[in-house]
There are 2 protein chains.
Amino acid sequence: MLMTNNEEVIEELKRIVKQKGLKYTEQREIVLDILINAEEHLSAEDVYNQIKTKYPESNIGIATVYRALGFLEEVNLITSIAFGTEGKKYESNAKSHHDHLICTSCGKIVEFLDDEIEKRQERIAKKNKFKITSHSMQLYGTCKDCQESK
Amino acid sequence: MLMTNNEEVIEELKRIVKQKGLKYTEQREIVLDILINAEEHLSAEDVYNQIKTKYPESNIGIATVYRALGFLEEVNLITSIAFGTEGKKYESNAKSHHDHLICTSCGKIVEFLDDEIEKRQERIAKKNKFKITSHSMQLYGTCKDCQESK
DNA sequence: ATATATGCAAAGCTTTTGCATCGAA
DNA sequence: TTCGATGCAAAAGCTTTGCATATAT
């Protein structure tokens, strides 16, 4: 499935919800919308706060945010990662695939993509007769600024 | 720094503690020992429980485990990662590195290592001026058996 | 009409912190 | 002897859950 824009992701959410016999709610759409348009990875509370700012008329509760995040991750529309001292953070899967360089000192995240690595991952999967659905890769270390400030 | 065995890692801990003008305690050594000998990634509570089993005479508190884990991660003897629904887990940096192919259907895990990927990771880190301390990569998918039983 | 989803508040976990005491150097 | 480290318990954070109500279908 290739999703080129936000509407398409929202449509995908509708399709999944319908297929599962669940109900389509504005809250789930809002949570997804926030993540689709986020510049960076967001914690559950970040999402909650952004909703209060961007959709002040929505009286969403933090519990609903958590439930929506869990649901969206389960159906593969978003992904969570957590590192260092910071808690779990989420990002939309609609963003083009990339891996992460994470500074364990200041928390900075640099996204990158390497075609050769992607190809090799496929090859390894094939060799082991796995059918890959997703993958994640993180390089942990210290960014330039943090190395200097030591 | 290359560490080929456990004693060497413990020595490294002693060196670091001394260099920082801190005090060497059995508790920090025990926490490190647990992680060095762990078969898998452990949560703070896992570590605490294993200590109670392996060193029943040690009256360590959970707060000390957290403090030791934070310290050991800070000085780069261990690494924490967290993904998906699981919480934060720790592993010793002395263990030989490998990546994972994970079957999301039956849970089977295949470990692998690809030199070319490792090299490229280094190159990417260097390009971004990061000093890598560790990394993790997971390929999620369906193994052969689970594909067939569908 | 029916069953899922929500909001709220309470409950449950996980992790951190204050403080008196202990112990390594 | 000194000052960092520990254990305990309390506090603080973060996430989940129970329940009555609201709402999508």
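Below, chains carry the letters A, B, ... as their sequence lines are ordered, and counting in each starts from 1.
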Just to verify, which of L77(B), V31(B), V17(B) counts as forming a side chain to side chain contact (heavy atoms under 4.5 Å, CB included) with F71(B)?
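Per the side chain to side chain contact (heavy atoms under 4.5 Å, CB included) rule, the option paired with F71(B) is V17(B), out of L77(B), V31(B), V17(B).
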With a 4.5 Å cut-off on side-chain heavy atoms, are L72(A) and L13(A) touching?
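Side chain of L13(A) against side chain of L72(A), heavy atoms only: contact under 4.5 Å found.
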Whichever of F71(B) and A44(A) has its nearest DNA chain D nucleotide further upstream toward 5':
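Here F71(B) is the residue nearer the 5' end.
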Both V65(B) and G21(B) contact DNA chain D. Taking the nearest nucleotide for each, which residue is further toward the 5' end?
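On the 5' side of the pair lies G21(B).
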Should N59(A) be listed as having a side-chain N or O under 4.0 Å from OP1 or OP2 of dA22(D)?
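Indeed not, no polar side-chain atom of N59(A) lies that close.
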Hey, does the side chain of Q27(B) come within less than 4.0 Å of dG23(C)'s phosphate (OP1/OP2), counting only N and O?
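The answer is no; no side-chain N or O of Q27(B) sits under 4.0 Å from OP1 or OP2.
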d([atom1], [X]; [atom2], [N]) in whole Å:
X: E45(B); N: dT15(C); atom1: CD; atom2: P; answer: 8 Å
X: K88(A); N: dT15(C); atom1: NZ; atom2: C1'; answer: 16 Å
X: I51(B); N: dT6(D); atom1: CD1; atom2: C1'; answer: 13 Å
X: I16(A); N: dA5(C); atom1: CD1; atom2: P; answer: 14 Å
X: E29(A); N: dT6(C); atom1: CD; atom2: P; answer: 12 Å
X: Y66(A); N: dG13(D); atom1: OH; atom2: P; answer: 13 Å
X: I62(B); N: dA12(D); atom1: CD1; atom2: P; answer: 20 Å
X: Y48(A); N: dT6(C); atom1: OH; atom2: C1'; answer: 13 Å

Are a donor atom and an acceptor atom from the side chains of Q138(B) and H100(B) found within less than 3.5 Å of each other?
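No.
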Where the side chain of [X] is concerned, which of [options] is the nearest nucleotide?
X: T64(B); options: dG7(D), dT16(C), dA5(C); result: dG7(D)
X: A63(A); options: dT6(D), dT15(D), dC8(C); result: dC8(C)
X: R67(A); options: dG7(C), dG7(D), dT14(C); result: dG7(C)

Just the atom pairs and distances: protein N or O near nucleotides 23-25 of chain D's N or O, under 3.5 Å.
| unit_1 | atom_1 | unit_2 | atom_2 | d |
| --- | --- | --- | --- | --- |
| dA24(D) | O3' | Y24(A) | N | 3.4 |
| dA24(D) | O3' | Y24(A) | O | 3.4 |
| dA24(D) | N3 | K23(A) | NZ | 3.3 |
| dT25(D) | OP1 | Y24(A) | N | 3.3 |

Starting from the C-alpha separation in whole Å, work towards a yes-or-no answer on salt bridge (charged side-chain N to carboxylate O under 4.0 Å, His left out) for D33(B) and K54(B).
CA-CA 10 Å; D33(B) 170 84; K54(B) 191 168 174 186; 3.0 Å; yes
Give, for atom NZ of K119(A) and atom CD1 of I117(A), the distance between the pair rounded to the nearest 0.5 Å.
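Result: 12.0 Å between the selected atoms.
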Could you tell me whether I60(A) contacts a base, only the sugar-phosphate backbone, or nothing, with contacts defined as non-hydrogen atoms closer than 4.0 Å?
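Answer is sugar-phosphate: I60(A) comes under 4.0 Å of backbone atoms only.
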For K52(A), look at atom NZ and say whether over 12 heavy atoms of other residues, nucleotides or ligands are found less than 6.0 Å away.
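Not buried by this count: 12 neighbours or fewer within 6.0 Å.
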Looking at V9(B) and A94(B), what are the two nearest heavy atoms and their distance?
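Smallest interatomic distance, heavy atoms only, reads CG2-CB, 3.5 Å.
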